[in-house]
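Each chain gets a letter, A, B and so on, in the order its sequence line appears, and its residues count up from 1.
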Number of protein chains: 2
Amino acid sequence: MNNEEEQVLIHCLYFTASRFARNITKLTEKTFDFGDLAPSYLYMIMIVKFHPKITQKELCHKLSIAPSTSTRFIDKLEKLNLVTRKMDGKQTLISLTEEGEKVYLQFRVSLKELFNSYSEILGHEFSKDLSKTLHEASNKLEREL
Amino acid sequence: MNNEEEQVLIHCLYFTASRFARNITKLTEKTFDFGDLAPSYLYMIMIVKFHPKITQKELCHKLSIAPSTSTRFIDKLEKLNLVTRKMDGKQTLISLTEEGEKVYLQFRVSLKELFNSYSEILGHEFSKDLSKTLHEASNKLEREL
DNA sequence: CCTGGATATTTGTATATACAAATGAATGGA
DNA sequence: TCCATTCATTTGTATATACAAATATCCAGG
């Protein structure tokens, strides 16, 4: 590979981060099997699990997604009978249904499988460190934007 | 934040990687200004720059994208007169047009700005290391899938 | 020279995600 | 009490991306 090109492909964080996200998403989709539900929905379910009656805004913040995205996610989860919306003035409060609680439990099991999956490939400690690093880097970026 | 939840949000590489990719993409789109062209297209242009007459398959490999995605990217770049397709049996060979060469040069300038942008927030060495780490981790994942 | 696989690309279709504009509800000041 | 502003959510629309199925070309064995 041309050297200049190689330098860019290795050193551009935008490129490496997007590529890595695509790869780990692929692995995740292989590991998770929740029918229609893409992995992101499960994180939303988890957050609602720990914060019943959470507002949509808070949800967006915790997941780092745009409000419009959250509307669409909740639409789908509501249609699948996994969460309920309750309007409260300007805000919308989200809670889990019983069905949602069940899905949450399955999710926790799959999550362990996922951890094992990538730990086998990348190493346990390495994965943990990388994840923490990305978490903190995201926090920094979000503070600046 | 609930402790169990926090652990998952920090330690799940799928979640942290997707979130980080979203954040860095946002920063990148702010820095780059190529009209319609999203950042990914520019990486494609760069690769074609260094490998005139590259096959589409090779392009996919270097960018870690699916063949169908590459078709769509090239469609767009061709319409914008930045690359040319040349059928060669089963394969399609891609090269830059003169216009494409010009865009490549602008891209290199923007790329430096981008590096500065995130280095200011995350630190220069940190960014470089993280990028390299992600690069290598992607390689490992791709070998397994 | 034909046929059946193998390989490369394209097309159909779906999805997560975003931004900008629209809507709807709350609140503070006249 | 009403209005203007502000804030939360939704809707319209666009995009990068993927998978699966379809198409097109090449090649090997008869």
Side-chain angles (χ1 to χ4, degrees), chain A residues 14-15 17-30 32-44 53-80 83 85-94 142 145, chain B residues 14-15 17-30 32-44 53-80 83 85-94 142 145:
Chain A
Y14 161 75
F15 182 75
S18 314
R19 177 176 169 227
F20 182 73
R22 282 200 298 281
N23 283 319
I24 195 103
T25 297
K26 206 181 279 182
L27 180 67
T28 305
E29 282 169 352
K30 217 178 248 182
F32 283 8
D33 183 19
F34 287 86
D36 260 1
L37 286 188
S40 332
Y41 291 90
L42 297 163
Y43 287 85
M44 183 173 265
K53 298 193 184 167
I54 191 173
T55 64
Q56 218 164 303
K57 192 186 158 131
E58 258 304 292
L59 253 181
C60 291
H61 179 241
K62 281 178 189 291
L63 290 168
S64 301
I65 57 177
S68 55
T69 306
S70 78
T71 297
R72 261 106 196 192
F73 274 39
I74 295 169
D75 284 352
K76 185 159 179 180
L77 291 178
E78 208 184 20
K79 202 167 283 174
L80 290 170
V83 306
R85 268 185 169 104
K86 197 177 151 229
M87 312 302 267
D88 176 31
K90 280 190 291 199
Q91 305 174 99
T92 304
L93 309 180
I94 316 294
E142 285 174 18
L145 314 178
Chain B
Y14 161 76
F15 182 77
S18 314
R19 177 176 170 229
F20 182 72
R22 282 201 298 282
N23 283 320
I24 195 103
T25 297
K26 207 181 279 181
L27 180 66
T28 304
E29 282 170 352
K30 218 179 247 182
F32 282 8
D33 183 19
F34 287 86
D36 261 1
L37 285 187
S40 332
Y41 291 90
L42 297 164
Y43 286 87
M44 183 173 264
K53 298 192 185 167
I54 191 173
T55 64
Q56 219 165 303
K57 192 186 158 132
E58 259 302 293
L59 254 181
C60 291
H61 179 241
K62 282 178 188 290
L63 291 167
S64 299
I65 57 176
S68 55
T69 305
S70 77
T71 297
R72 261 107 195 191
F73 274 40
I74 295 169
D75 284 352
K76 185 159 178 181
L77 291 178
E78 208 184 19
K79 203 168 283 174
L80 291 170
V83 306
R85 269 185 170 104
K86 196 177 150 229
M87 315 300 269
D88 176 32
K90 281 191 290 199
Q91 306 174 98
T92 304
L93 309 180
I94 316 295
E142 284 175 20
L145 314 178

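Across the protein-nucleic acid pair, B:Glu78 atom CD and C:dT9 atom P stand 14 Å apart, rounded to whole Å. When the P atom of C:dT10 is taken as reference, atom CG of B:Leu59 falls 11 Å away, rounded to whole Å. Rounded to a whole Å, the CD1 atom of B:Ile74 is 14 Å from the P atom of C:dA8.
Nucleotides of DNA chain C nearest to B:Ser70 and A:Ser68 differ in position, and the one nearer the 5' end is that of B:Ser70. If you find the closest nucleotide of DNA chain D to A:Thr69 and to A:Ser18, the one lying nearer the 5' end belongs to A:Thr69. Nearest-nucleotide positions on DNA chain C for B:Thr92 and B:Lys26 put B:Thr92 closer to the 5' end. Residue B:Pro67 is the one, among B:Gly89 and B:Pro67, whose nearest nucleotide of DNA chain D lies closer to the 5' end (criterion: closest heavy atom).
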Test side-chain contact (heavy atoms from CB on, under 4.5 Å) on A:Arg85 and A:Asp75; report intermediate values, then the result.
CA-CA 9 Å; A:Arg85 268 185 169 104; A:Asp75 284 352; 2.9 Å; yes

Decide yes or no on side-chain contact (heavy atoms from CB on, under 4.5 Å) for A:Leu80 and A:Leu37, but give the supporting numbers first.
CA-CA 10 Å; A:Leu80 290 170; A:Leu37 286 188; 3.6 Å; yes

Evaluate the criterion side-chain contact (heavy atoms from CB on, under 4.5 Å) for residue pair B:Ile65 and B:Met44; output intermediate values, then yes/no.
CA-CA 10 Å; B:Ile65 57 176; B:Met44 183 173 264; 4.1 Å; yes

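Inter-axis angle, ends of the helix from C:dC1-D:dG30 to C:dA30-D:dT1, five pairs per end, rounded to 10 degrees: 10°.
The span of DNA chain D lying next to chain B, judged by atoms under 4.0 Å from heavy atoms, is bounded 5' to 3' by D:dA16 to D:dC26.
OP1 or OP2 of C:dT7 has not a single side-chain nitrogen or oxygen of B:Lys90 nearer than 4.0 Å.
Formation of a donor-acceptor pair under 3.5 Å by the A:Arg19 side chain with backbone atoms of B:Ser64 is not found in this model.
Here the CD atom belonging to A:Glu142 is positioned 7.5 Å from the NZ atom belonging to B:Lys26, to the nearest 0.5 angstrom. Remark: B:Tyr41 OH to B:Arg72 CZ distance equals 10.5 Å, nearest 0.5 Å.
The aromatic rings of B:Tyr43 and A:Phe15 sit parallel to each other, their planes meeting at less than 30°, with 60° as the upper class boundary.
Looking at A:Leu59, A:Thr55, A:Ile54 one by one, the single match for side chain to side chain contact (heavy atoms under 4.5 Å, CB included) with A:Lys57 turns out to be A:Thr55.
Heavy-atom neighbours of A:Lys76 NZ from other residues, nucleotides or ligands within 6.0 Å: above the threshold of 12.
Residue-level contact check: A:Arg72 touches the bases, meaning some heavy atom is under 4.0 Å from a base atom.
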